[in-house]
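Below, chain A is the first sequence line, B the second, and so on; all start at residue 1.
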There are 2 protein chains.
Amino acid sequence: MGHSRIEKSESHDRILDVAVAQFKTRGFNGIGLAELMERAGLTHGGFYKHFASRDALVVESVSHAFAQDRVIFSRVDKVAGDRLAAHIDQYLSTAHRDEMARGCSMVALGAEISRSGDDVKNVYEEYFQLRRDWLAKELGGPKVQAERHALTIMSAMLGALSIARAIPDPAQSGAILETARKEVKALARQLRGELRAE
Amino acid sequence: MGHSRIEKSESHDRILDVAVAQFKTRGFNGIGLAELMERAGLTHGGFYKHFASRDALVVESVSHAFAQDRVIFSRVDKVAGDRLAAHIDQYLSTAHRDEMARGCSMVALGAEISRSGDDVKNVYEEYFQLRRDWLAKELGGPKVQAERHALTIMSAMLGALSIARAIPDPAQSGAILETARKEVKALARQLRGELRAE
DNA sequence: ATTATCTATAGATCTATAGATAATGC
DNA sequence: ATTATCTATAGATCTATAGATAATGC
């Protein structure tokens, strides 16, 4: 029985890690508190010493999910060469398709967030802007136009990943991702050219 | 108490209509059988004379959802003028954003379908191909390239709608849709030009 | 003394089934 | 006689709470 404040904080983080992974793979209603706490190595009784309600866990989990996304996403800045192309290749990979628990929260939780309150949606929007602004910066050129083109590229990426995950045959789904990688990279090159020309 | 075979078939369809609308707005686990049957004007006891299990209802509902999508989607062929532009304007409208129950099932149910079995995913794929092939036909040019470009346009449309639904402020969400409409139509014009040139 | 976690359980809800009721359809 | 639907309920699961237990931290 862990009892120190440090251990409680570790338990809290462990519950959030489990919740994020489970909510992303099974949806907000896809797991009960008993199984969730068991996966975090605890019993269900202690849950309410960590969260005011199940709903409070959902809200905190969405924040936690996007905080994780930020960490993963920030790695792309360390890539040498064409960061934008590297990002597209990674986002539209079969590895990303198959790892829903660690993958993009905008795709995994998008539909659930649509049904949620503004507290949850605000977290989504903040991350959306971060991503769009990064894409716009990579595209270069005048800010307003760059942001518009960034939205297009981002939408195409989210949409293609969403489609690939719902196609039954992994080979066919992989072919869709491959096509999307080529198409989106070509689109990015072309929009970048347009923006540089202005 | 309705008892004829015709009335049973009507009840069955009513249950499916309710299930599709509820699953799309609240997710597969967002509603129980009692509320569902009540919304269909029945009591919960009769459910199992219509479906072998809750799971069987989910599978049948996904088929029903995409059958409805087909009917709505087919209307675009009656549009005079630029059918592709009309389709993009309609898909990326605020009306579509706000009507999840009657809107695109690929977006509303995509994440849930990712988590489902191949029986459900096959229904999704069939509808995906129908949509992609229609887009490719509208783009014109060599089939293989047209299908690749169609995937890009379709991905951008699904992604933009998904983003717009998760943005809290309706005005900001509307601005995103407006940008996406312009961008995707411009992209369609350009890809069509490329294909015609080949 | 305080508190992080555990065991136990209340009360609501959910899926599924059993048997009754009131129509249809031969 | 058959059957579409209803009422009633069993059994599982889910959220939330109460009180016990065994550590920490003053």
* Evaluation steps, salt bridge (Lys or Arg N to Asp or Glu O under 4.0 Å), between A/K185 and A/D89 -> CA-CA 8 Å; A/K185 279 188 286 185; A/D89 280 333; 2.7 Å; yes
* Structure fact -> Here the distance between atom P of C/dC14 and atom CZ of B/F28, to the nearest Å, is 18 Å
* Given A/K182 and A/E178, is the salt bridge (Lys or Arg N to Asp or Glu O under 4.0 Å) satisfied, shown in steps? -> CA-CA 6 Å; A/K182 287 180 192 164; A/E178 197 187 337; 3.6 Å; yes
* To the nearest Å, how far apart are A/R5 CZ and D/dG25 P? -> 6 Å
* Asked: How long is the line joining CG of B/N29 and P of D/dC14, in whole Å?
  -> 11 Å
* Asked: Is the side chain of A/E112 donor-acceptor paired with the backbone N or O of A/F28 at a distance under 3.5 Å, no angle test?
  -> yes
* Structure fact -> Heavy-atom nearest nucleotide on DNA chain C taken for B/I6 and for B/I31; more 5' hit belongs to B/I31
* **Strand partner of C/dT17, provided both Watson-Crick or wobble distances fall under 3.5 Å** => D/dA8
* To do: Using the side-chain contact (heavy atoms from CB on, under 4.5 Å) rule, pick out the option among B/L187, B/L135, B/V184 that qualifies with B/I88.
  => B/V184
* **Crowding at CD, B/E147 (>12 non-hydrogen neighbours, <6.0 Å)** => yes
* Asked: Which one is paired to C/dA22, where only Watson-Crick or G-U wobble pairs with both distances under 3.5 angstrom count?
  -> D/dT3
* To do: Give the rounded distance in Å between these two atoms: CZ of A/R26 and C1' of D/dT13.
  => 13 Å
* Structure fact -> Per ring-ring contact (aromatic ring centres under 6.0 Å, His included), B/F73 is matched among B/W134, B/F66, B/F128 by B/W134
* Asked: Between atom CG in B/L33 and atom P in D/dT9, what is the gap in whole Å?
  -> 20 Å
* To do: Write down the distance between CG (B/D55) and P (C/dT15), rounded to a whole number of angstrom.
  => 11 Å
* Counting heavy atoms from C-beta on, name the nucleotide in D/dT5, C/dG25, D/dG25 closest to the side chain of B/S11. => D/dT5
* **Proximity to DNA chain D (any heavy atom under 4.0 Å), residues of residues 38-54 of chain B only** => B/L42, B/T43, B/H44, B/G45, B/G46, B/K49, B/H50
* Asked: What is the distance from CD1 of B/I15 to C1' of D/dA4, rounded to the nearest Å?
  -> 11 Å
* Asked: Can you check the B/M37 CE to C/dC14 P distance for me, whole Å?
  -> 14 Å
* **Pairs involving residues 34-44 of chain A, ordered by first then second residue, that meet side chain to side chain donor-acceptor pair (under 3.5 Å) (sequence neighbours left out)** => A/R26-A/E35, A/E35-A/R39
